[in-house]
Structures are given as C-alpha cells and as structure tokens.
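Working notes, beginning with the structure itself.
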There are 2 protein chains.
Amino acid sequence: MSVDCVIFGFDFEKLKVLVIQDEPNEAPSKARFSLPGDLIYDDETLDQAAARVLKELTGLENIFLEQLGAFSSLDRLSKPADKEWLIMMREQPEMRVITVAYFALVNLNAFNPMVAKFAKAVSWKPVDEIDSMAFDHFDILQKAHQQLQSKLKIQPIGFNLLPEKFTLSQLHKLDEVIAGKELDKRNFRRKMIKLKIVEKLDEKQKGVPHKPSSFYHFNVENYQKLAETGFDNFGF
Amino acid sequence: MSVDCVIFGFDFEKLKVLVIQDEPNEAPSKARFSLPGDLIYDDETLDQAAARVLKELTGLENIFLEQLGAFSSLDRLSKPADKEWLIMMREQPEMRVITVAYFALVNLNAFNPMVAKFAKAVSWKPVDEIDSMAFDHFDILQKAHQQLQSKLKIQPIGFNLLPEKFTLSQLHKLDEVIAGKELDKRNFRRKMIKLKIVEKLDEKQKGVPHKPSSFYHFNVENYQKLAETGFDNFGF
DNA sequence: TAACAAAAACGTCGTTATGACACTTAGATA
DNA sequence: TATCTAAGTGTCATAACGACGTTTTTGTTA
C-alpha cells in the first residue's frame, strides 16, 4: 500500500507539477520522473502517510491534500524500468502495491524545492510537457488534471496556487490555464467581483512598463459561505 | 485490502441503500447492518473486486460501480462487535485492512434481493433511517450520500435509479429526495425538457385515480453530448 | 520631452436562464 | 353526477450570460 502526491503549482505562465527525477545524474534524455510517493506505515492513515511522505521527499508541509482515488492495475509496476527500480529500492520488489493518490494546489513562488537536500531530485515541470512517467504515475497525473478541470467548472479554485496578493490578470490567466481555453477578460472580472471572493487592495504593481494592475486578496469568509450553498450555478 | 459497495435504490418514495444483516436470526433490536464488501484477491483490480464481491453477496451484476475513495482510519475495525465478527470470520482478524468504497445507482424495482440464497441477509433500507452500521460503514454511507448530492448539483443523475419508463413526477420526486429539498414542479419539468435528456412516450399510466401521467424515457445520446461539455450551468 | 508600447480597466446590449407563483385537466371512485 | 387526486401547463420580473472595443496608466525609447 502506498501513497502518491500530485502537487500543482502555477508560475503565472503554466500549470506545473512537482516531480522527482529518480536518477538526477542520468543524462536528461534518459530522465525518469515520478510523483512523490512511498509505502505507508502500518500505524498511520492514508492522509497521514501522504503528508509525511510529501514532507520527507520535498520538504513541503501544512498543505491541504485531497484524496484523488486508488489505483490498482495489475501491471502498474511492471514496466522494465520500474521493475529495475523496485529491485534496487524495495525489500519486496515483487509485492503487489496498490496506491492511493492525493493532490494539492500550492503557491509555487512560496515554495522553492531547489534548496538543500532536495535540490537535485525535486522540480516543477509543466503539466503539458509531460507525456510519460514512472509506474502508473502518468495515469495518476492525468486523473488529477481532469479532477482539477472538473472542479474549476463547479467552483472557483486555484487561490492556493497564487500568492497572498495577486492581480486579477494573474487569476484570469490561471483559470484559463486550468480550463484550457480562453475566458473573456471582462466577463471573468465581473464574475469574480460579483461573487465577492476577491477584494481590491490599495496597492499596485510597480515597475511594469504598462498600466500597473491592482492587487487583490482572497476573501475566505465569503468563499466559505458560497461553498456551503454549493456555488449554485457557478461555471464558465 | 477490501472493497465495500454502497448501492442506492429508489422506490418512488425514499432513497434506499442495499445492506446486509450480519446475523439474520438475531432479534431485530440487535441487528447489525453492513455494506456488501470483502477482502480483495491478489490478482484482481479494485474495480474487479468490487464487482465480484457485490455479485457474490447480492447477486447484482453488470452495474456501473464508481470509486468513492479509500478509508483508512486506524480504528475502523475496532468496535467490540466488529472485533468479535472478525475473529469469527477472518483468518487474520487482527490484520490492518484499508477499504476502498464504491457506489452505484440501480433500479430497485428491477432487482429484488429477496430471493434465493440472499433472502435473509440482503435488504433495502431507507438511507434516512440508518444511524449506525458495522465497522466504518456508516461513515462510508454518509460520504456516498454526500457524493450523490454533490453530483446532482452538477449534472442530472439518477436515471439509473428509475425504470426504463418513468414519469416526470417520479423523476421530480427522486431529485427532491436526493437533493433533500423541494424543487418547483414547473421549473423542474421545464429544465428537463429543455435539456432534451428525457423524451415523452405515447404511453400513459393506467388505473390511477387521477389524471394519468405520461411515461418518458431517458435519452442517452443527448445526455452524453451534454456530459462532454460538462453540463455548463446545470443546477438547481 | 514627446511619441510609443503594453497591459489594465471598464460598460453595454441582446439573449437566455432563473425562481416565484395558481389554475385547469383527466381519470377513477363514490 | 359530484368529488377527489395528482398531472400538466404559462407568465413575469429579475439575474446571469456571452460577445464585443476603447480608454487609461505606466515605463521605455527616440
């Protein structure tokens, strides 16, 4: 039994995901990426295991991890490269392992995995540039990505992916990236402002060679209130 | 590792769930109900296990089982009555077991578990009359119920809970029962008809002491089409 | 210092969806 | 023939939606 974590981040350009390069010293062409994950202990819940493993492998902690689902294909560990890895790393490489995936959204800018002991192994990779991963992690990533898109259709999400203060343009860009399509700028702003889940601050961008945009912050209380009623008729 | 199945049914009055009475010969007051579930085999996926176990325990087959999530509390098997049961029924009663729950919607009228070998153990129970179950099955049931309600907010569901031919009043009642609130009759009908996911048949109720209602059937193609676009702005 | 480049900010209008609300109709039964 | 019961139907005011172009503010460049 194992857990794997799909951690999404946003750098104002692209949706990214936290991946581990299994053998950092390999040539880039042979690089093999996986999601942070490991076997669980017998005395912890899956939620606890996911939080623990994520912290151990990346240093990330205190983030909201949501369960995505269990993955149990019979051949999920049977690619040659995966078998090799298991023989090297696991006491019981032949053991069947079912994994439960978790996913989370984090502010990429506040967390830089490029430090200390994680420097070589952990990195952010644009979701749209990934076409294969170790084990069944690509399947898991795709499911997580779908989940993210589905959720966006139902409720405004993604505030976790932005800094405390953000501009509406950034939020707009984020939602476009998640939705995978253009969203009309004016209609988008109208909606966010009408829902009252963002509040304008008395602060503007500085040093940009164009009209500076105002910073906003996320209004948690209003969001909660809306969440209770289920965001009736939210959607793009 | 085990699977448990939450099977919802609808008898035109109440939302019901398929439960197993562990010791059918006990006095009703001591009755202990659980969800159909069992340990998985090492050579089957969770999806396969759920389908197999459900068939073995209830005779139900060929239904769409959707994964609900994994349940892994450390104390999920530790109530005294549960321990007793495990000691009687399991080879390794102390073993930690994590379960993955599945849920499905079925037409209660087409499936009568009150037959053959299942007669004593399996029955439909109104969801709102259940306040405790064996193991953590009550938690699972609640999660499944929530999931059902959330899904209804996003997309029209529940056609699986009705017979092939149904009346709009039945569908209306069903959605009210799932949503747990009144839905305006006229607005409800308007919406269903506008979405074109139901089609009127040339057939009416007979023998009812009031104006007979027309039968409708579910239009799968239109439903699929809408499902692809994500039921933009569906909701009550 | 004037012109320019770049992104932010803003409003309208026609269309569609929504929620609230009450009476008429068809068939069975007494 | 009267009565009962649930089915079936329409309107209106309000809110949300999608589509669309121009002006504003800043820094940079000529």
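The shown structure was predicted, so the numbers you read here are calculated from the model rather than taken from an experiment. What you see below is based on every heavy atom in this structure, not just the backbone, and it leaves out hydrogens, waters and symmetry mates. Numbers restart at 1 for each chain; the letters A, B, ... are given by sequence-line order, proteins then strands.
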_Distance test, side-chain N/O of B:Ser214 to OP1/OP2 of D:dG8, below 4.0 Å_ =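 The answer is yes; a side-chain N or O of B:Ser214 sits under 4.0 Å from OP1 or OP2.
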_Phosphate contact (C:dA7 OP1 or OP2) by A:Ser169 side-chain N/O below 4.0 Å_ = no
I need the [atom1]-[atom2] distance between [X] and [N], as an integer number of Å.
| X | N | atom1 | atom2 | value |
| --- | --- | --- | --- | --- |
| B:Lys194 | C:dG19 | NZ | P | 10 Å |
| A:Phe215 | C:dA9 | CZ | P | 10 Å |
| A:Leu183 | D:dA19 | CG | P | 11 Å |
| B:Gln170 | D:dA7 | CD | C1' | 12 Å |
| A:Phe188 | D:dC17 | CZ | P | 13 Å |
| B:Glu203 | C:dA26 | CD | P | 19 Å |
| B:Met192 | D:dA7 | CE | C1' | 17 Å |
| B:His172 | D:dT9 | NE2 | C1' | 14 Å |

*In Å and rounded to the nearest 0.5 Å, what is the CD1 to CG distance from B:Ile157 to B:Leu161?*
7.5 Å
*Enumerate the residue pairs fulfilling salt bridge (Lys or Arg N to Asp or Glu O under 4.0 Å) with a member in residues 134-149 of chain B, sequence neighbours excluded, ordered by first and then second residue.*
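Checked against salt bridge (Lys or Arg N to Asp or Glu O under 4.0 Å) - neighbours excluded - the pairs reaching residues 134-149 of chain B are B:Arg76-B:Asp136.
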*asked:* Please give the stem ranges for DNA chain C, sorted by first residue number, where a stem is three or more consecutive Watson-Crick or G-U pairs and both donor-acceptor distances are under 3.5 Å.
replied: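 The stems that DNA chain C takes part in, listed by first number, are C:1-30 with D:1-30.
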*Just do the salt bridge (Lys or Arg N to Asp or Glu O under 4.0 Å) check on A:Glu129 and A:Lys16 with the steps written out, would you?*
CA-CA 9 Å; A:Glu129 291 175 17; A:Lys16 300 195 168 183; over 6 Å; no
_Once side chain to side chain contact (heavy atoms under 4.5 Å, CB included) is applied, do any residues pair with A:Ser169, and if so which ones, sequence neighbours excluded?_
A:Thr167, A:Arg189
*Could you please spell out the steps behind the side-chain contact (heavy atoms from CB on, under 4.5 Å) verdict for B:Phe138 and B:Ile130?*
CA-CA 8 Å; B:Phe138 186 61; B:Ile130 298 176; 4.1 Å; yes
All N/O pairs under 3.5 Å across the protein-nucleotides 26-30 of chain D interface:
unit_1, atom_1, unit_2, atom_2, d
D:dT26, O2, A:His210, N, 3.2
D:dG27, O4', A:Val208, O, 3.4

*Checking side-chain contact (heavy atoms from CB on, under 4.5 Å) against A:Ile7, which of A:Leu105, A:Thr58, A:Leu35, A:Leu65 comes through?*
A:Leu65
*In terms of the angle between their ring planes, are B:Phe8 and B:Phe103 parallel, tilted or perpendicular, with boundaries placed at 30° and 60°?*
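The arrangement is perpendicular - the two ring planes meet at more than 60°.
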*Can any side-chain N or O of A:Glu199 pair as donor or acceptor with the backbone N or O of A:Asn219 at less than 3.5 Å?*
no
*Could you tell me which residues satisfy salt bridge (charged side-chain N to carboxylate O under 4.0 Å, His left out) with A:Lys165, sequence neighbours excluded, listed by chain and number?*
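Checked A:Lys165 against salt bridge (charged side-chain N to carboxylate O under 4.0 Å, His left out); matches are A:Glu203.
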*Assess B:Lys200 against B:Phe215: is NZ or CZ under 6.0 Å from the centre of the six-membered ring, and within 45 degrees of the ring's axis?*
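B:Lys200 over B:Phe215 ring: no.
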Polar-atom pairs under 3.5 Å, protein N or O versus N or O of nucleotides 10-16 of chain C: list them with distances, or write none.
none

_Between B:Gln205 and A:Leu168, which residue's closest nucleotide on DNA chain C lies nearer the 5′ terminus?_
A:Leu168
*A:Tyr223 and A:Phe218: aromatic ring centres closer than 6.0 Å?*
yes
